[in-house]
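Read the structure below first, then the notes.
In this text, all values refer to a predicted model and were calculated from it rather than measured experimentally. Whatever order the structure lists ligands and atoms in, that order sets their numbers, starting from 1.
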Amino acid sequence: MILGCHVQMKAPGFVEGSVQEAISYQADALMLYTGAPQNTKRRETEELRIPEAQKLMKEAGIPMENLIVHAPYLINPANSVKPEVAELAVSFLHTEAQRTAAIGAKYLVLHPGFYTTADLQTGIETASKHLNTLPDLPEGLVICLETMAGKGSEIGFRFEQLADIMENLNHPEHYGVCLDTCHIHDAGYDLEHFDDVLDEFDRVIGLKHLHVIHLNDSKNIRGARKDRHANLGMGEIGFNALLKAASNPRTEHIPKILETPYVGGKPPYGKEIEMLRNGVFDPSVFDEL
Ligand code: FE
Ligand code: FE
Ligand code: ZN
């Protein structure tokens with residue numbers, strides 16, 4: 001199992017600090033935002049301690065593909081109501097793609113967006129249209145559209161919707177998918193039968209397009225379309241279903257990234273990764289944090 005988690009990226013260590021944090025959890029993958037997820041203020045890449053981070057990853061034996069970047073979630077390429085918002089999003093996404101490449105990462109996770117006051121189909125078409133206005137992407141970079149929970153006017157909560165977006169992209173080689181277990185559970189997919197979910201993914205999108213898995217439990221019942229992450233085993237999906245998803249041989253090569261909530265102000269990732277590696281759930285680990 002390639003296991004990692006969302007880590008911080010902040011002064012003074014920047015990306016080197018992110019890698020250190022991941023290593024402290026015995027992770028062999030990590031995901032970071034290049035700045036605050038809710039805004040577009042960004043540092044110059046020269047300040048981010050990238051060579052130091054890459055050296056540390058090499059020493060730890062973590063391949064560069066296991067370092068994932070997540071675009072800020074305010075980027076909304078699906079906004080047809082205020083196209084200027086989507087245009088701004090796309091120009092920011094362009095700089096984010098360049099930062100991702102400068103870090104040496106390959107995968108940039110992106111939420112496909114919200115249709116706001118339009119409708120689902122318009123949102124889907126608008127997302128492809130705006131992504132097609134992106135200037136040339138760095139060689140080898142793959143933007144991974146994330147499967148969403150379907151809260152509010154969110155698009156991309158059925159595999160068909162992501163397939164529709166992807167079908168209309170001018171540069172399909174630069175796109176793939178990130179599957180979030182909390183989100184697909186909230187969207188109605190049954191994690192108890194992960195092989196069936198993968199079969200459906202394969203039929204609709206194609207498993208070769210799956211590059212990242214976000215491994216989260218959910219606070220809400222299946223189909224609730226809420227998007228509230230829970231710690232592994234503490235939600236409605238349950239530890240065993242998540243362990244089965246994480247250890248499925250068909251997705252063995254894909255990094256599984258935890259985005260579970262802090263407990264009492266402390267990151268739960270070291271404990272959660274340990275539980276997955278041991279295959280044993282122990283709810284008391286969350287009391288000890
Ligand atoms: Fe996400
Ligand atoms: Fe996610
Ligand atoms: Zn989420």
Donor-acceptor pairs are to be reported for all side-chain atoms of residues 53-63 against protein atoms at under 3.5 Å, with residues two or more places apart or in another chain.
unit_1	atom_1	unit_2	atom_2	d
Gln54	NE2	Ile103	O	2.8
Lys55	NZ	Glu59	OE2	3.2

**Study point:** pair Phe201-Leu207: side-chain heavy atoms closer than 4.5 Å
**Key:** yes

**Study point:** Any side-chain heavy-atom pair of Tyr175 and His209 under 4.5 Å
**Key:** no

Check your understanding: Do Glu87 and Lys82 sit within salt-bridge range, that is, some charged N less than 4.0 Å from a carboxylate O?
Key -> no

**Study point:** Residue pair His229, His183: steps toward the side-chain hydrogen bond (donor to acceptor under 3.5 Å, both in side chains) verdict
**Key:** CA-CA 9 Å; His229 300 190; His183 297 174; 3.3 Å; yes

Check your understanding: What protein N, O or S atoms come within a distance below 2.8 Å of the Fe ion (ligand 2), ordered by chain and number?
Key -> Glu146 OE2, Asp180 OD2, His214 ND1, Glu259 OE1

Review point. Name the one of Tyr262, Tyr269, Tyr25, Tyr33 that satisfies ring pair (Phe, Tyr, Trp, His ring centres under 6.0 Å) with His6?
Key: Tyr33

Review point. Do the two ring centres, one from His211 and one from His253, sit under 6.0 Å apart?
Key: no

Exercise for review: Would you sort out whether Arg250 and Asp199 count as a salt bridge (Lys or Arg N to Asp or Glu O under 4.0 Å), showing the intermediate values?
Suggested key: CA-CA 10 Å; Arg250 294 160 78 187; Asp199 286 344; 2.8 Å; yes

Using distance only, find each side-chain donor-acceptor pair of residues 160-167 under 3.5 Å and give its atom names and separation, not counting sequence neighbours.
unit_1	atom_1	unit_2	atom_2	d
Gln161	OE1	Gly156	N	2.8
Gln161	OE1	Phe157	N	2.9

Practice item. Could you grab the protein N, O or S atoms closer than 2.8 Å to the Zn ion (ligand 3) for me? Key: His183 NE2, Asp227 OD1, His229 NE2

